[in-house]
Amino acid sequence: HIFRGGLDFQRDGKSLRQEGYSTELFTQEAVTRIRERDKAKPMLLYVAYNAVHHPWQVPDKYLERTKHLDAGEDRRFFAAMILAMDDGIGRVLTELKDPGHEDDTLVIFSSDNGGLNHPGWGTPVTSNTPLRAGKGWLYEGGVREPWIVRLPSVTQPGSVCDIPIIAADVSPTVLEVCGLPARPDLHLDGASLVPLLKGAKEPIHEALHWHFPHYGNTGSGPCSSIRVGDWKLIEFFEDGRLELYDLEQDPGEQHDLAAEHPARAAELRAQLAAWREATGTRMPSPNPAFDPAQ
């Protein structure tokens, strides 16, 4: 947990280094960009914080705010990193309150994966309960993340939407909000969220797909999955095993229903294979140099 500050980055083709905590540096850069923008033109700002990624590092001023927590050191560091990011997001949103700027700005916040809770990484600092597994897995603990979306005059404050969406939906959503035509060649799997932001109750996807054709550092192996409604199928490539879950009744994916519903499992497997074929998805292949002894 030794804090080592500093950030190496590129700006306008030049390599630069800035001392400090990366979360604060990202925030300051975002605030500066907003302040220095050409207010006569639209602006896209993508802020990809490193927090709360491993390693757990944070300045003492944030760690001081978590000393009351009855938790292990790792979890206190993790909580402190969340505080730093939360403070940063607050600064960015405050900067958007310029007259005439906050009300016409679409804000989307999301995580890129579920929490890291694999035993091989030591005591988990996050909990995805009741969801199964976490980062690097196609179980819900790895792929289900919360989104927060704000679009004044369209979204209702405090409203909740339970309809599943995917990260590829960002591009067509931004295009529609900006009054631009869709670019399906650039967002094959994406669909605009605008109907959902207006309160629609119908899904915007017939199916959602995931493809993870390799091994990861959290224990998962090559697999694909598909979700249609509340039914989700995972196909494991090593042995062809299928797992089927009813997420409405079993969000924790504890009861594999593939043997009880073989027809449904076969149907979803065929849909998943058709999607892989249509998108030119690469599949894993045997490694001739593989040595099981190692």
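Applying the side-chain hydrogen bond (donor to acceptor under 3.5 Å, both in side chains) definition to pairs two or more places apart or across chains, those involving residues 280-289 are T279-T281. A salt bridge (Lys or Arg N to Asp or Glu O under 4.0 Å) check over residues 44-56, counting only residues at least two apart or in different chains, returns nothing. Sorted by first then second residue, the side-chain hydrogen bond (donor to acceptor under 3.5 Å, both in side chains) pairs that include residues 194-204, not counting sequence neighbours, number zero. Counting only residues at least two apart or in different chains, salt bridge (Lys or Arg N to Asp or Glu O under 4.0 Å) contacts with residues 149-166 comprise E102-R150.
In this structure, the side-chain hydrogen bond (donor to acceptor under 3.5 Å, both in side chains) partners of E24, at least two apart in sequence or on a different chain, are K61, Y62. With sequence neighbours excluded, the residues forming a side-chain hydrogen bond (donor to acceptor under 3.5 Å, both in side chains) with T32 are Q28, listed by chain and number. Residues passing the ring-ring contact (aromatic ring centres under 6.0 Å, His included) test with H255: none are found, sequence neighbours excluded. In this structure E243 satisfies the side-chain hydrogen bond (donor to acceptor under 3.5 Å, both in side chains) test together with Y139, R241, Y245, sequence neighbours excluded. By the ring-ring contact (aromatic ring centres under 6.0 Å, His included) test, F237 pairs with H211, sequence neighbours left out. With sequence neighbours excluded, the residues that form a ring-ring contact (aromatic ring centres under 6.0 Å, His included) with H214 are F212.
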Under 3.5 Å donor-acceptor pairs involving side-chain atoms of residues 258-269, not counting sequence neighbours:
unit_1, atom_1, unit_2, atom_2, d
R269, NE, E235, OE2, 3.3
R269, NH2, E235, OE2, 3.4

Distance-only donor-acceptor pairs under 3.5 Å for side chains of residues 77-85, two or more places apart:
none

Exercise. Can you list the steps and then say if W137 with S220 is a side chain to side chain donor-acceptor pair (under 3.5 Å)?
Worked result: CA-CA 6 Å; W137 292 80; S220 180; 5.3 Å; no
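To the nearest 0.5 Å, atom CG of residue L106 and atom CG of residue L44 are 10.0 Å apart.
Side-chain atoms of E140 and V143, non-hydrogen and from C-beta on, do get closer than 4.5 Å to each other.
Residues E95 and R91 are not paired through a salt bridge, judged by the lack of any N-O separation under 4.0 Å between the basic side chain and the carboxylate.
Side-chain N or O atoms of D169 include one that pairs as donor or acceptor with a backbone N or O of A191 at under 3.5 Å.
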